[in-house]
Amino acid sequence: MEMLTIGAFANACRLSPKALRLYDELELLRPARVDPETGYRYYAVAQLEQARLVAWLRRIGMPLARIRRVCALDDASAAQEIRAYWARVEAETAGRRELVAFLVNHLSYTPRKDTTMLELRYSALSDTGLVRPANQDTAHAGARVLAVADGFGTNGAPASTAAVEALKSLDGEPLPGGSVLNLLEDAVRGAARAVQDATPGKDDGTTLTAMVWTGSQLGLVHIGDSRAYLLRDGELFRITHDHTMVQSMVDEGRLTPEEAVAHPQRALLLKALTGGADSVVPDLRLCDALPGDRYLLCSDGLSTVVADEELRRLLGSAPAPDAAVRSLVEAAIDAGGPDNVSCVVADVVEADGGRRLG
């Protein structure tokens, strides 16, 4: 067996002697032979492949405990484990990117110079659809909170209900003082705890897309693949990013948006509120409100069967939020209604001394 000194082995595999000694102590990469008198370590040439794998995995930031698991697997299983790890890293990175954007927006915000008082007019509607045996969606529209949650698993309905109920408490009370960011983070923590209490297993959970009205802005919380859109001056903008495996593949250039629509794993979530989930970092952002803005929150039962251009047309032609949600749900049903469908539509209007619904 051809042997290399620890120095030569370190040069060949791009790991430092100090790292090799640590990996020996952790039983991650043991030397082939240790001199009984000097304690000097020698490594077999055949160990180079594993050492290089360890070095590469450390370069992508994988923890040592997980590297140990990867090294114990066959090649196909190791590849699957690495793919799963990186998907999680990308999801967490995307969450941090959204948080950075939120903080920049929040700290750069300049209050409106005019004194026009704004308010919301809103409506919500949820339908089982034509295929599902039960409705696991929950939709809510209130004075301060707009929310859509799409439950999944055996206890999907209780999960979506619990998440939205945790936010509805903000409807009837004045918003607490302090940063809107703190308010949104507290709301998500409350929703996560409520979902864990309502669902016994890690396979049950819900998405959550919600907006909290401050009187001049809407704070957005987003987890999963329900969506939020803004119709402004006749143009439709999607203001959320799907937390799905397929969306991550589109972001990486491995799929086109057209291929993603028909991909068999298009509903596979990278991020959701579940009964067994660790803390989930949501996407957060602030949306400046202008008179005439119309917001849509919806479950994927709408967005997967009704194209964005049709959403724009329906939102633009409906005279009021109640008419808009009815036309949107009808469009999903006309498209086959393969899933539960839920919509919330809210208009930003100049206050006229009272709050009107619809």
Side-chain angles (χ1 to χ4, degrees), residues 91 94-95 98 122-129 132 135-142 145-153 156-168 184 187-188 191-192 194-195 199 204-212 218-231 236-248 260-261 266-274 277 280-285 287 294-308 311 315 324-325 328-329 331-332 335 337-346:
E98 290 290 334
Y122 46 80
S123 188
L125 186 62
S126 185
D127 192 278
T128 303
R132 302 289 189 184
N135 193 350
Q136 294 189 311
D137 285 1
T138 301
H140 169 76
V145 176
L146 314 170
V148 167
D150 181 357
F152 55 85
S160 69
T161 299
V164 173
E165 286 293 327
L167 298 183
K168 283 170 63 176
L184 296 178
V188 172
V195 170
T199 56
D204 301 326
T206 185
T207 68
L208 178 63
T209 301
M211 304 189 86
V212 178
L218 283 155
L220 172 68
V221 176
H222 171 65
I223 302 168
D225 64 350
S226 295
R227 290 182 175 179
Y229 295 85
L230 166 63
L231 182 72
L236 185 68
F237 306 93
R238 176 151 63 101
I239 57 176
T240 53
H241 195 73
D242 293 345
H243 298 144
T244 61
M245 179 67 76
V246 165
Q247 183 61 57
S248 72
V261 171
R266 61 186 179 277
L268 181 60
L269 294 172
L270 294 179
K271 190 184 296 188
L273 298 176
T274 69
V280 176
V281 179
D283 293 351
L284 301 172
R285 65 178 295 179
C287 303
R294 173 167 282 183
Y295 287 89
L296 165 66
L297 277 61
C298 65
S299 62
D300 66 342
L302 176 69
S303 59
T304 57
V305 296
V306 179
D308 284 2
L311 292 179
L315 285 169
V325 294
L328 291 166
V329 170
D339 198 356
N340 307 149
V341 55
S342 296
C343 303
V344 171
V345 172

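Numbering of residues begins at 1 and proceeds along the displayed sequence.
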Visitor: Kindly compute the distance separating CZ (Arg227) from CG (Leu297), expressed to the nearest 0.5 Å.
Guide: 12.5 Å
Visitor: Side chain to side chain donor-acceptor pair (under 3.5 Å) with Asp300: which residues, sequence neighbours excluded?
Guide: none
Visitor: Evaluate side-chain contact (heavy atoms from CB on, under 4.5 Å) for Ser126 paired with Asn135, printing each intermediate quantity in order.
Guide: CA-CA 8 Å; Ser126 185; Asn135 193 350; 2.9 Å; yes
Visitor: Rounded at 0.5 Å granularity, tell me how far OG1 in Thr206 sits from CD1 in Ile223.
Guide: 9.5 Å
Visitor: Just wondering, do Val305 and Pro338 contact through their side chains at under 4.5 Å, heavy atoms?
Guide: yes
Visitor: Let me know which of Asp283, Leu220, Val221 forms a side-chain contact (heavy atoms from CB on, under 4.5 Å) with Thr209.
Guide: Leu220
Visitor: Test side-chain contact (heavy atoms from CB on, under 4.5 Å) on Leu296 and Leu302 and set out the steps.
Guide: CA-CA 11 Å; Leu296 165 66; Leu302 176 69; 4.2 Å; yes
Visitor: Could you tell me whether the side chain of His222 and the main chain of Gly224 form a donor-acceptor pair under 3.5 Å?
Guide: yes
Visitor: Apply side chain to side chain contact (heavy atoms under 4.5 Å, CB included) to Val325 and list each qualifying residue two or more places apart in sequence or on a separate chain.
Guide: Ser123, Leu125, Cys343, Val345
Visitor: List the residues meeting side chain to side chain donor-acceptor pair (under 3.5 Å) with Ser226, not counting sequence neighbours, and say none if there are none.
Guide: Thr207
Visitor: Which residues satisfy the side chain to side chain donor-acceptor pair (under 3.5 Å) test with Asp127, sequence neighbours excluded?
Guide: none
Visitor: What's the separation between atom OH in Tyr122 and atom CG in Leu146, rounded to the nearest 0.5 Å?
Guide: 9.0 Å
Visitor: Going by side chain to side chain donor-acceptor pair (under 3.5 Å), name the residues that satisfy it together with Asp137, two or more places apart in sequence or in a different chain.
Guide: Ser299, Ser342
Visitor: Taking the side chain as everything from C-beta on, heavy atoms only, tell me whether Val164 gets closer than 4.5 Å to Val145.
Guide: no
Visitor: Would you give the length of the straight line joining atom CD of Gln136 to atom OG1 of Thr161, rounded to the nearest 0.5 angstrom?
Guide: 9.5 Å
Visitor: Any chance you could lay out the side-chain contact (heavy atoms from CB on, under 4.5 Å) test for Thr274 and Thr199, step after step, and finish with the verdict?
Guide: CA-CA 7 Å; Thr274 69; Thr199 56; 6.0 Å; no
Visitor: Can you list the steps and then say if Ile239 with Met211 is a side-chain contact (heavy atoms from CB on, under 4.5 Å)?
Guide: CA-CA 11 Å; Ile239 57 176; Met211 304 189 86; 4.2 Å; yes
Visitor: Please name the pair of heavy atoms, one in Gly301 and one in Ala332, separated by the smallest distance, quoted to 0.1 Å.
Guide: O-CB, 3.9 Å
Visitor: Taking only residues two or more places apart in sequence, or in another chain, which ones meet Asp339 in a salt bridge (Lys or Arg N to Asp or Glu O under 4.0 Å)?
Guide: Arg132
